[in-house]
Engineer: 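I'd like to ask some things about the structure below.
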Amino acid sequence: MRSMEKTYDPHAIEQRWYQTWEARGYFAPGQSGDASYCIMIPPPNVTGNLHMGHGFNNTIMDTLIRYHRMKGDKTLWQAGADHAGIATQMVVERQLEAENKKRHDLGREKFIERIWEWKRESGGNISRQLRRLGSSLDWQHERFTMDEGLSEAVKEVFIRLYEEGLIYRGKRLVNWDPKLHTAVSDLEVLSEEENGHMWHMRYPLSNGQGHLTVATTRPETMLGDCAVAVNPGDERYRHMIGELLELPLTGRRIPIIADEEHVDPEFGTGCVKITPAHDFNDYAVWQRHRDEVTISAQAHGGLINIFTIDAAVRENEADEGALIPERYSGMDRYEARKQIVADLQEQGLLEKIDEHKLMVPRGDRSGAVIEPFLTDQWYVKIAPLAKPAIEAVESGRIRFVPDNWKNTYYEWMRNIQDWCISRQIWWGHRIPAWYDEQGNVYVGRSEAEVRRQHNLADDYPLRRDEDVLDTWFSSALWPFSTLGWPEQTERLQAFYPTSVLVTGFDIIFFWVARMIMMGLKFMDDVPFHEVYVHGLVRDSHGEKMSKSKGNVLDPTDLIDGIELERLIEKRTSGMMQPQLAKKIEQQTRKEFPDGIPSFGTDALRFTFAALAATGRDIKFDLGRIEGYRNFCNKLWNATRYVMMNVEGQDCGVSGAKTGHSEPPAKLERSVADHWILSRLQKTKQAVADAIEGYRFDHAAQAIYEFTWNEYCDWYLELSKPVLNDDNASQAAKRGTRRTLVRVLENLLRLTHPIMPFITEEIWQRVAPIAGVSGETIMNQPFPTQRESLINEAAEIEMAWVMRFILGIRKIKGEMNIAPGKPVPVLLANASDNDQALAERHRHFLDFLARTESIEVLAADDQEPESATALVGEMKVLIPLAGLIDKEAEIKRLEKEIGRLRNDADRTEKKLSNPKFVDKAPEAVVQKERDKLAETQKALESLQTQLVKIQNL
RNA sequence: AGGCGCGUAGCUCAGUUGGUUAGAGCGCUACCUUGACAUGGUAGAGGUCGUUGGUUCGACUCCAAUCGCGCCUACCA
C-alpha cells in the first residue's frame, strides 16, 4: 500500500473510490435487512446544473442513506431526473434561435426529436455532478419522467381521474404567459412590487350629467370594460346605480353596477372599472352580475377579450363590428396603453396620473408580465384530493421536520384552487384526449382504444389534444411511478411508502403537497412518513445566490478549486443584463483575490452538515469550509501517526494482519485507554441520536470535537510517552496500539456517512490492522455504543490529569516560560489519592506538561515562593527561583482571586436568600453549597499564596 | 393585511422540557517549527444573550409589549 502523503489530497482518491463503489454495485439495495429505508431524490431538471441547493440537499440525503445502509437496513436511494417541460423546451428553443429558427419551423415531431437528442448529449451532466458529491444513488434503476414506464403511469392517472370526474375541461381566466404562449399555474407566477402609475380617467354619464372618475393601473384594458362598479353603501354614487356611462374611445355604453364585495369606497375614487376578461377580481364581479340585462346584452355577454396570445390588441372578429377600435389593433399592450392615455388626454378625459407602487405578476421562467386570459384548459378538481392529504398530516401519518412547516402546508391546502394542468407547449406528456368535429371529447389510453370504446368508425375524424401536462403532474407521481406503478412490482412492495422526503420549503406546494394527494389517491397510503424541510443556501452575506447578482458558488468549484479569471468568466458570461458584468468582476476580485482553492468533496459535505441547523437558511462562508478542509487534514495526519506506530507492530488484535498473530498476548490498558474508549462510546450515541433527529450540525460537531479535542489533542499525545518509553511493558504498548487503531477504525465508520471518501481511503489501511475485514467501509456496521466500555472512573481520573497539565501550561503561558522548558513541580496539600495519581501518571505529566521533577511536600514542609495552580484542593507549585517574575505572579493571582471572589459572592447571595433555600429543589441548593465550599477553599488557598508572595 | 421565522463574541452559528463561570469555529493577540499535522501546537483577549416590562427563589430559555430584519400567502382597482 502506498505511503501516506504529509498533506491530505482529496483529488487523489475521490474519483477512484466512487468508480469502485459504483462498479461493485454497492449502491443497489441489499437483499437482506429487517427494515427498509428509502428516499426518493427530488428529480433534478435534465437541463440542470448542480447548484449549492443540490449540494446541501444531496449531502443530507446521502448521509441518511449511508447511515441506514450501515445500520443494515434494506436501503434504496432512488435516482432520476425530471423532463422539466418549459425549462427544457426553452433551452432547445434558444439553440434554434441561434440557427434563426423557431420550433414551428421544425414542426412538433422534429422538435421533440431534437430535444431527445439534446437530452442524450447533455442530460447526463447533472448525474455526473451528483456523483462528484459522492451520492450513493441506485443508478441502475435511474428513471426519467418521460421514460416509457413513467409516461404510462401519467396516462393511467389522468384517465382514472377523468373517469372519476376529478379532471375536467373548462373555459376560464388563467395566468397566461404571452411570451411562452402557455397557461401557467398560480404557483408559477411571482408577484413583485414595482413602480407604476395610477391613471384617473373620466367616463361621461350618458345622461350628460357629468362623469365618474375611475382609477386604474392598466388603462389599456378599458377597451374591454363592461361596467363600472361602486359600493352600494357609498353615498356619493348610490343614486347613479343602474345609469349608463359612455365608455370613451369605443362608442360603447356600460352600466354602473353595485358590488359591495369588491369595491372599497375608501380606495381611489370609489369607482372601479370592470374588465372581466383581463382581471381575476373583475371576472368574479362579472360572474355575480352576468345576468343583469345591461351586461348580458353586451357583446360576449360582457366578457370581452381584447388581446391576442401575444398580449397585443386583437382584430375584430367578422361578427363583432367595431367592438374594439381599429385604431389600436396590433398594438402591444404597452404601446396601446401609451396611445390610449394620449387619446384620453386629448379628449380631456384624463384627470390625473399618480405615482403608484403595484404588484406585477411575472412568469417564473420567462419573466414576462402575466396576462389574465380567457382560454380552454384542463383542470384537476382538487378539494376531494386535498381533504385526505390534510388529514394525513393532522393525524401524524406524515410529520414535518421542523414541525412548524405543517402550518404553511395547512394554510395552502385549505385555500387550494383547482389545478390548471394543461400547457400549450410541446415537450411533455401529451394529454390523452381526442376531439371529433362536433367538439366532443374522448379520453383514453390511445386513439384505437377511444374508437373501440365509443364505437367510432376508423374513418371518423378525430384530432388529438395539442396540449401537454404540467411537469409537476408527473412529479406528483414520482414516489410510486419510479417503483414500477401501475405494475405491482417487488420494489413497489418493498419501498412504498418511502421513509423521508428531503427538500427545500420552496417546493412544498409544487411538489410535496401534490405527492401526498396523489399517493393517497392511487396507493392508498402516504408517499413518505417524514418531510425534512431545509433552508436555502445563501452567500456569506446572506444574499440569495443568483446569476444577476454574480454571487453564485458552484459546488464543483469548491471541490476542485477555480482560478480567479475562470471564476470571473463564469460569473459574467451569458448574462441577461451584461451591464452588470463590470460590477460583478470587481466584487469577485475583491472577495476571491486568489480564486477558490480546492477543498474536496468531503470538506464540502462536512460543511453542509455542520451548517444544517433546522429551520433556517444557511450562509455559506468560505472560512467554514476551509476549517473543515483542515479537519480532513487533521484526521489524515492522525492516521499517519497511528499507522507509523502500529504497522508491523503487535497491536494485540487477534486475526489482524500484523505478522504477530500468536495466541492472545498479555494486554494492559492505561487509564487513558479506558478514558478514550469511554468518550468514544458517548460520541457514538451522540452521533446516532443526532442523525436520527435530523440534527446534522450536532452530528458533525460531535465528530469534530471528539476527533480533534479528545482523540488528537489528548489521546494521541498520551500515547507517545507509552510507545516511546523503553521501560514501558510490552503489554502496555500492546494495549495502547490496540486502542489507537481500534478507536480510529470506529471513528472512521462513525464519520463515513458525512465524509465518505477520506474515511474509505483511511479505513482500507486501518481496518486490517484493527482486525476488521471487509471490502468497503460502506457496508460495515455503523458503530453502536457499548455500555460496558463507558468508564466514569477513568473519565474522572483523566480530568485530574488534564487539570494538572493545563494548570502548568497556563502558568507557563502567562509567565512567558517557554512551553518546552522543563520545570520542577512541588505538590502541596496533596491527598493520598493525589499522590497516587501523580505517581501513576508521572509519565503523562512529564511528557505533556514538561515537568522536570515532581516532589510532594509534607504538611509541615516550608513552601518556597512559587507560582500556583489548583487541582481540586491540591496546590501545584512551580518555584519562582529564576523562572518567574514576582510581580507577574502577583497580578496573575489577583486576577484569579477576583474571579473566584465574584463567584463566591454570587453564590453566597443566592444561599442567603431564604426564598431560594426554601423553594428551590434540594439538589439545586446542595449544588450551590458544594460550589461555594469549593470556591472558598480555592480562594483561601490562593489568598495565602498571594500574601506569601507579597511578603518576599 | 395575515402567517412563519430570526435578532447570543468582530463574523458565522450552537445553547430541546427555566438552575453552566453563556459555548464552538473563523478572525484577533502573544509565544512555539517538539519526529502525525504550520491546513499545526500552547496560552489569552472578546458577550449587561435587540429593548422594556411581567411570571419565578432563579429567565438566553416562559409570557406580554416594542424595535429591527427576512421569508411566505393574499391583496386596493
Side-chain angles (χ1 to χ4, degrees), chain A residues 4 6-8 191 198 214-218 221 229 262-264 266-275 279 281-282 285 356 358-359 402 404-405 407-408 410-412 415 505-506 508-509 535-536 538 540-542 544 597 599 603 610-611 613 615-624 626-645 693 695 697-698 701 704-705 709 712-713 716-717 720 724 806 809-820 850 899-900 902-903 906-907 910 913-921 923-925 927-928 931 935:
Chain A
M4 294 175 74
K6 190 171 167 184
T7 303
Y8 171 60
S191 289
M198 179 79 86
V214 296
T216 180
T217 54
R218 300 200 56 198
T221 61
H262 182 234
V263 185
D264 174 5
E266 305 295 314
F267 187 86
T269 61
C271 304
V272 187
K273 64 191 269 312
I274 303 300
T275 320
D279 183 285
N281 285 313
D282 291 2
V285 173
H356 183 72
L358 73 163
M359 298 296 277
N404 57 285
W405 284 109
N407 297 325
T408 309
Y410 289 144
E411 182 61 24
W412 189 66
N415 297 305
F505 57 84
D506 47 332
I508 289 183
F509 304 145
L536 212 66
R538 299 169 173 280
S540 61
H541 309 292
K544 206 164 163 173
F599 295 112
L611 292 173
R616 73 194 282 163
D617 289 351
I618 63 177
K619 295 183 193 174
F620 197 91
D621 183 31
L622 233 48
R624 217 52 201 260
E626 194 183 332
Y628 295 127
R629 188 263 324 257
N630 296 353
F631 176 64
C632 290
N633 194 52
K634 189 76 178 175
L635 184 59
W636 182 258
N637 275 289
T639 305
R640 287 180 66 219
Y641 170 79
V642 172
M643 292 301 288
M644 216 172 268
N645 284 286
R695 290 307 303 261
D697 54 333
H698 288 177
Q701 199 184 348
Y704 186 97
E705 278 176 6
N709 303 340
C712 290
D713 284 353
L716 258 44
E717 294 306 316
K720 288 174 185 174
N724 298 334
L806 290 171
R809 280 182 185 166
K810 188 170 172 172
I811 292 171
K812 284 184 173 178
E814 289 176 11
M815 306 299 284
N816 280 322
I817 300 170
R850 306 283 158 182
R899 194 177 299 172
L900 290 170
N902 258 334
D903 234 29
R906 199 172 28 223
T907 316
K910 240 185 199 177
N913 180 352
K915 286 182 185 165
F916 171 71
V917 182
D918 283 356
K919 296 195 176 175
V924 173
V925 177
K927 202 172 149 196
E928 291 296 321
K931 198 170 94 188
T935 313

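Just so we're on the same page: letters track the sequence lines, and every chain starts at 1. Owing to the predicted nature of the structure, the values given are computational and were not obtained by experimental measurement. Just so it is clear, the values below take in all heavy atoms, side chains as well, and ignore hydrogens, waters and symmetry mates.
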Engineer: Which one, rG41(B), rG25(B), rG19(B), comes nearest to the side chain of Tyr704(A)?
Structural biologist: rG25(B)
Engineer: Would you indicate, yes or no, if rG40(B) has its OP1 or OP2 atom less than 4.0 angstrom from a side-chain nitrogen or oxygen of Asn630(A)?
Structural biologist: yes
Engineer: Under 4.0 Å between a side-chain N or O of Arg616(A) and OP1 or OP2 of rA14(B)?
Structural biologist: yes
Engineer: Quote, to the nearest angstrom, the C1' distance that separates rC26(B) from rA64(B).
Structural biologist: 38 Å
Engineer: Please determine, for the side chain of Met359(A), which listed nucleotide (rG19(B), rG41(B), rC75(B)) has the closest atom?
Structural biologist: rC75(B)
Engineer: Name the closest nucleotide to the Asn404(A) side chain, picking from rC57(B), rC4(B), rC75(B).
Structural biologist: rC4(B)
Engineer: At 4.0 Å (heavy atoms only), tell me whether Thr217(A) reaches a base, stays on the sugar-phosphate, or touches nothing.
Structural biologist: sugar-phosphate
Engineer: Across the strands shown, which category fits Leu536(A) at heavy-atom distances under 4.0 angstrom: base, sugar-phosphate, nothing?
Structural biologist: nothing
Engineer: Measure from the side chain of Asn633(A), starting at C-beta and using heavy atoms only, and say which of rU39(B), rC13(B), rA36(B) lies closest.
Structural biologist: rU39(B)
Engineer: Identify the two heavy atoms, one from Asn415(A) and one from Glu411(A), that lie closest to each other, and give their separation to 0.1 Å.
Structural biologist: ND2-O, 2.8 Å
Engineer: Please pick, from rA36(B), rG19(B), rC57(B), the nucleotide with the shortest atom-to-atom distance to any side-chain atom of Lys927(A).
Structural biologist: rG19(B)
Engineer: Could you state the atom-to-atom distance from NZ of Lys919(A) to C1' of rG58(B) in whole Å?
Structural biologist: 11 Å
Engineer: If rC49(B) has a Watson-Crick or G-U wobble mate with both distances under 3.5 Å, name it; if not, just say none.
Structural biologist: none
Engineer: Does Lys812(A) use its side chain to pair, donor to acceptor, with the backbone of Pro819(A) at less than 3.5 Å?
Structural biologist: yes
Engineer: Which heavy atom in Asp282(A) sits nearest to a heavy atom in Thr275(A), and how many Å separate them?
Structural biologist: OD2-N, 2.8 Å
Engineer: If pairing requires Watson-Crick or G-U wobble contacts with both distances under 3.5 Å, which nucleotide is the partner of rG18(B)?
Structural biologist: none
Engineer: Of the nucleotides rG44(B), rA77(B), rA36(B), which has the atom closest to the Arg640(A) side chain?
Structural biologist: rA36(B)
Engineer: What are the two closest heavy atoms between Val285(A) and Ile274(A), and how far apart are they?
Structural biologist: CG1-CD1, 4.0 Å
Engineer: Applying a 4.0 Å non-hydrogen cut-off, can you work out what Cys271(A) is touching in the nucleic acid: base, sugar-phosphate, or nothing?
Structural biologist: nothing
Engineer: By nearest heavy atom, map Glu626(A) and Gln701(A) onto RNA chain B; which one lands nearer the 5' end?
Structural biologist: Gln701(A)
Engineer: Glu266(A) has an atom CD; how far is it from atom C1' of rA77(B), in whole Å?
Structural biologist: 14 Å
Engineer: How do Tyr628(A) and Lys619(A) order along RNA chain B: which one's closest nucleotide is nearer the 5' end?
Structural biologist: Lys619(A)
Engineer: Considering every strand and a 4.0 Å limit on heavy-atom distances, what is the contact class for His356(A): base, sugar-phosphate, or nothing?
Structural biologist: sugar-phosphate
Engineer: Ignoring backbone atoms, test whether Lys634(A) places a side-chain nitrogen or oxygen under 4.0 Å from the OP1 or OP2 oxygen of rG41(B).
Structural biologist: yes
Engineer: Just to be sure I understand the rule, does Arg906(A) reach a base, reach only the sugar-phosphate, or reach nothing, if contact means heavy atoms closer than 4.0 Å?
Structural biologist: sugar-phosphate
Engineer: Look at the side-chain N and O atoms of Lys931(A) and state whether any lies under 4.0 Å from the OP1 or OP2 oxygen of rU21(B).
Structural biologist: yes
Engineer: Contact class for Asp621(A) (heavy atom, under 4.0 Å): base, sugar-phosphate, or nothing?
Structural biologist: nothing
Engineer: Sort out the partner of rG40(B) for me: Watson-Crick or G-U wobble, both distances under 3.5 Å, none otherwise.
Structural biologist: rC32(B)
Engineer: rG44(B), rA14(B), rA36(B): which one has an atom nearest the side-chain heavy atoms of Ala613(A)?
Structural biologist: rA14(B)
Engineer: Assess whether one donor atom and one acceptor atom, taken from the side chain of Lys6(A) and the base of rA38(B), lie less than 3.5 Å apart.
Structural biologist: no
Engineer: Base, sugar-phosphate or nothing for Leu622(A)? Non-hydrogen atoms, less than 4.0 Å.
Structural biologist: nothing
Engineer: Can you give me the closest heavy-atom contact between Thr907(A) and Asp903(A), atom names plus distance?
Structural biologist: OG1-O, 2.8 Å
Engineer: Whole Å only: how far is the CG atom of Asp918(A) from the P atom of rU56(B)?
Structural biologist: 16 Å
Engineer: Atom CZ of Arg695(A) and atom C1' of rA14(B): how far apart are they, to the nearest Å?
Structural biologist: 8 Å
Engineer: State whether Lys812(A) places a side-chain N or O below 4.0 Å from either non-bridging phosphate oxygen (OP1 or OP2) of rC31(B).
Structural biologist: no
Engineer: Under a 3.5 Å limit for both distances, which nucleotide forms a Watson-Crick or G-U wobble pair with rA77(B), could you say?
Structural biologist: none
Engineer: Rounded to whole Å, how long is the line connecting atom CZ of Arg629(A) with atom C1' of rC26(B)?
Structural biologist: 13 Å
Engineer: I'd like the C1' distance from rU42(B) over to rG15(B), given in whole Å.
Structural biologist: 28 Å
Engineer: Measuring only the P atom in each nucleotide, how far is rU55(B) from rG47(B)? A whole number of Å is fine.
Structural biologist: 31 Å
Engineer: If you look at every strand shown and take non-hydrogen atoms under 4.0 Å, does Asp697(A) touch a base, only sugar-phosphate, or nothing?
Structural biologist: nothing
Engineer: Does rC6(B) have a Watson-Crick or wobble mate here (both distances under 3.5 Å), and if so which one?
Structural biologist: rG68(B)
Engineer: Does Glu411(A) make a side-chain donor-acceptor contact with the base of rA74(B), cut-off 3.5 Å?
Structural biologist: no
Engineer: If the P atom of rG53(B) is compared with that of rC60(B), how far apart are they to the nearest Å?
Structural biologist: 14 Å
Engineer: What integer number of Å spans the P atoms of rA77(B) and rA14(B)?
Structural biologist: 39 Å
Engineer: Taking atom P in both rU20(B) and rC62(B), what distance in whole Å separates the two?
Structural biologist: 16 Å
Engineer: State the CZ-CD1 distance between Arg850(A) and Ile817(A), to the nearest 0.5 angstrom.
Structural biologist: 14.5 Å
Engineer: Using the C1' atom on both, measure rG40(B) against rG7(B) and round to a whole Å.
Structural biologist: 36 Å
Engineer: Do Tyr704(A) and Tyr628(A) have ring centroids that are under 6.0 Å from one another?
Structural biologist: yes
Engineer: For rG46(B) versus rG10(B), give the span between their C1' atoms, rounded off to a whole number of Å.
Structural biologist: 9 Å
Engineer: If you only use heavy atoms from C-beta on, which nucleotide in rA77(B), rU12(B), rU42(B) is closest to the side chain of Arg809(A)?
Structural biologist: rU42(B)
Engineer: Tell me if the side-chain of His698(A) makes a donor-acceptor pair with the base of rU16(B), cut-off 3.5 Å, by modelled atom types.
Structural biologist: yes
Engineer: Could you report the tightest heavy-atom contact between Lys273(A) and Arg218(A), atom names first, then the distance?
Structural biologist: NZ-O, 4.1 Å
Engineer: Pick base, sugar-phosphate or nothing for Pro914(A), based on heavy-atom distances below 4.0 Å to the nucleic acid.
Structural biologist: nothing
Engineer: Asn637(A) has a side chain; which of rA38(B), rC71(B), rA36(B) sits nearest to it?
Structural biologist: rA36(B)
Engineer: Report the distance from atom CD of Glu928(A) to atom C1' of rU20(B), rounded to the nearest whole Å.
Structural biologist: 10 Å
Engineer: Which pair of heavy atoms, one from Glu626(A) and one from Phe599(A), lies closest together, and at what distance?
Structural biologist: CA-CE2, 3.8 Å
Engineer: Residues two or more places apart in sequence or in another chain: which of them pass side chain to side chain donor-acceptor pair (under 3.5 Å) with Arg695(A)?
Structural biologist: Asp697(A), His698(A)
Engineer: Establish, with yes or no, whether the OP1 or OP2 oxygen of rC57(B) is under 4.0 angstrom from a side-chain nitrogen or oxygen of Lys915(A).
Structural biologist: no
Engineer: Nearest of rC13(B), rA77(B), rC72(B) to any side-chain atom of Phe509(A)?
Structural biologist: rC72(B)
